[in-house]
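Have a look at the structure below before the remarks.
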Amino acid sequence: MKKKGWLTLILIGIFMLVMAGCSSNGDSKKTAGEAEGKYTPGTYEGVSTGHGGEIKATVTVSKDKIESIEISAEGETGSIGGGATDQLTEEIIATQSLAVDVVSGASESSAGIIEAVTLALEKAGADIDALKDPANKLVVKNEKQEDITVDVAVVGSGGAGLSAAVKAKEAGKSVVILEKMPIIGGNTNRATGGMNVAGTEYQKAQGIEDSKEVWYADTMKGGKNLNDPELLQTLVDNAPDALKWLNDMGADLTRVTLSGGQTNARIHTPADGSPVGPVIVDVLSKKLEELDVKILLNTKAEKLIEKDGAVVGIEAVDKNGESFKVNAKAVVLATGGFGANSKMVEEYRPDLKGFYTTNHDGATGDGIVMAQEVGADLMQIDQIQIHPTTDPKTGYLFTEGLRGDGAILVNKEAKRFTDELLTRDVVSQNILNQKDGIAYLIVNQEMADENNSLAGYIENGYATKGEDIASLAKEVGLDATTLEDTMAKYTGFVKNGKDEEFGRVHLTQTLENGPFYAIPVTPSIHHTMGGLKVDTKTHVLNKEGQPIAGLYAAGELTGGVHGGNRIGGNAVADIIVFGRIAGQTAASEIK
Ligand code: ADP
């Protein structure tokens, strides 16, 4: 019995071994399958469409691994698409997965990149479903950010922060930039128009007579005389140098056009008509790379550190969500406005509850709050600008330059209702007074051929097309006869040089040749003009009007430059002029 029992046990043992062998055979079959690999080794290409055109991914795989990814995407702007490219390709390789999120602020570029890589991997024989399954993602932990000690810490990588960082570093100081978003550029990336400057060589070359005095007067008038005179004078006086500085770095802001609320054409835009913001962010970030200044992305400043009444650093949170300290002799806050913080907007302007915003997600007023915690005073915080021409579904902004270049606005009755070149607040109010608070920008193909931004809106599906006015009206749902009548009248005004209906002064396009386009628009929250109270050297002032030692601020988080309404083109001038001053002042006051 015992023996039999042993025999039985041995037999069972053999059976189990055989089974184990089978199952190990099964596994080894899988392993053998894997030996054939997840991919067919080689280099493959995938092509997709991003924000600004074609995206090509060149992906090299070994049998089990995505080895490298190269993206070529000329249409994607450096700061937006470029930032997304590096992050996504690094993440796909690190996690060996396609279960990656789009990069906030660069969603179209990101989606295009992911699609191009997917198409390339498909050609490599990959199991795309498995690659897109988050469960198969390799876990990668970012290194913890250690405490840092620098001369100047800059918070925010928009135009103001980048300019401040360049200047402080050029003055011989060590500098770091903290940026809470995954890409640099903030709202500056979204600046579509250009930079106002008066009395430049580019204006002269185009026969435009202008002066600092006229610019100052236009801005004061546009700002309802609420602008801080000293800050405005500083803007006007320093803008020519700031423009030269950008152009010397390759920005090429040499095309001068007109925008609302201006007596003369003075908005300097990129020569090829591209949106200004990405160009500026691109040249400044390249400069910072040259100067070896680090920008810590996904890194949020949370609190200013004070010692003996002076700001001596920042408490921040790194990409893993862990706290670290930046010890600094000076802190420059350049965190932008609060246009994307609906609670804060509502707190200061209950009447703007529920409005869309043109702002990027990071425009939440952090710098204003942090500075208040160390005693900073505020100025005109309830001055919030709405932009007249944004997409009624998303708040996406259509540049004011379109109206400067010749676009007109019609309402749902197919009639004009305003001088299109009045200041933003007035045009916004005039649109809100129309049926459903909606109007249509009417442009034609001739304008699109001249203007890259407009060409982009059309390509991205914001515009409805009609070969002639009647078919445009039909497509949009407007009364054809009325629209034809409106357009014919307007063409007549342009030809005679006089807008007899609304007194528009700059009449550039006759708008008589098709094809035509209509873009529906409504106003959205655009710019928060109030903010921290600063002096002309960018010192942040306390409630007694005294500078808070070690603390500087520049850009949209400050108040006073724009008063009660910002003129298009003045924000870019503001961030570059005062960003430069902040960098210089902070560096020069370090003991
Ligand atoms: P400006 O036009 O004044 O330069 P932008 O909006 O272009 O302002 O840029 C401000 C930048 O500051 C944005 O990129 C935004 O994400 C960043 N930012 C805002 N709050 C913080 C914060 N708490 N920490 C780090 N970066 C921040």
Side-chain angles (χ1 to χ4, degrees), residues 148-179 184 186 188 230-231 234-235 237-238 241-242 245 284-285 287-288 291-296 299 301 303-316 325-336 366-368 370-377 531-542 545-561 574-591:
I148 307 174
T149 299
V150 283
D151 293 324
V152 181
V154 176
V155 188
S157 68
L162 296 175
S163 299
V166 171
K167 277 295 177 188
K169 178 72 184 195
E170 282 181 342
K173 303 301 171 193
S174 59
V175 179
V176 72
I177 303 178
L178 310 188
E179 170 53 60
I184 61 168
T188 304
E230 288 184 2
L231 290 177
T234 306
L235 176 83
D237 288 342
N238 289 280
D241 274 354
W245 185 69
L284 289 172
S285 58
K287 186 73 190 173
L288 287 167
L291 292 170
D292 208 15
V293 171
K294 243 197 180 159
I295 306 179
L296 302 177
T299 303
K303 196 171 173 12
L304 295 169
I305 305 172
E306 276 182 294
K307 196 175 166 212
D308 304 329
V311 171
V312 293
I314 302 162
E315 280 176 22
K325 262 189 204 151
V326 182
N327 303 303
K329 295 179 182 135
V331 172
V332 176
L333 292 175
T335 52
D366 302 7
I368 296 174
M370 283 188 278
Q372 277 183 288
E373 286 165 2
V374 298
D377 199 8
L532 298 178
K533 197 163 187 177
V534 290
D535 64 15
T536 56
K537 293 283 182 206
T538 73
H539 297 112
V540 176
L541 304 178
N542 65 18
Q546 297 302 314
I548 298 173
L551 190 61
Y552 308 82
E556 194 176 338
L557 87 163
T558 66
V561 175
D574 174 16
I575 59 178
I576 305 299
V577 164
F578 287 99
R580 276 162 45 99
I581 294 176
Q584 277 160 339
T585 315
S588 72
E589 292 180 353
I590 288 175
K591 288 176 201 105

Going from [atom1] on [X] to [atom2] on [Y], what distance comes out if it is rounded to the nearest 0.5 angstrom?
X	Y	atom1	atom2	answer
E315	K325	CD	NZ	6.5 Å
L178	T335	CG	OG1	11.0 Å
I305	M370	CD1	CE	11.5 Å
L557	L532	CG	CG	4.5 Å

Taking all non-hydrogen atoms of both residues into account, name the closest pair between [X] and [Y] and its distance.
X	Y	value
A171	A587	CB-CB, 3.6 Å
V155	I314	CG2-CD1, 3.5 Å
A165	V175	CB-CG1, 3.9 Å
G375	I548	C-CD1, 3.9 Å
L551	A371	CD2-CB, 4.2 Å
A153	V326	CB-CG1, 3.8 Å

A side-chain contact here means heavy atoms from C-beta on lying under 4.5 Å apart; do [X] and [Y] qualify?
X	Y	value
L231	T536	yes
L288	I177	yes
I576	L284	yes
S174	V152	no
L304	E373	no
N542	D377	no
I295	L162	yes
W245	V166	yes

*asked:* Does E230, at its CD atom, have more than 12 non-hydrogen atoms belonging to other residues, nucleotides or ligands within less than 6.0 Å?
replied: no
*In terms of heavy-atom contacts, does NZ of K167 have more than 12 from other residues, nucleotides or ligands at under 6.0 Å?*
yes
*Check the pair I575, E556 against side-chain contact (heavy atoms from CB on, under 4.5 Å), reporting the backbone distance first and the verdict last.*
CA-CA 7 Å; I575 59 178; E556 194 176 338; 5.6 Å; no
*Decide side-chain contact (heavy atoms from CB on, under 4.5 Å) for N238 and R580; before the verdict, give the C-alpha distance in whole Å, the side-chain angles of both, and the deciding distance to 0.1 Å.*
CA-CA 10 Å; N238 289 280; R580 276 162 45 99; over 6 Å; no
*Check K329, K591, K169, K173 against D151 for a salt bridge (Lys or Arg N to Asp or Glu O under 4.0 Å) and give me the one that passes.*
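The single option meeting the salt bridge (Lys or Arg N to Asp or Glu O under 4.0 Å) with D151 is K329.
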*Tell me, with the steps shown, if L235 and F578 meet side-chain contact (heavy atoms from CB on, under 4.5 Å).*
CA-CA 8 Å; L235 176 83; F578 287 99; 4.1 Å; yes
*Is a side-chain donor or acceptor of T558 paired with a backbone partner of A554 at a separation under 3.5 angstrom?*
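Checked: no pair found.
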*Just do the side-chain contact (heavy atoms from CB on, under 4.5 Å) check on K294 and L296 with the steps written out, would you?*
CA-CA 6 Å; K294 243 197 180 159; L296 302 177; 4.0 Å; yes
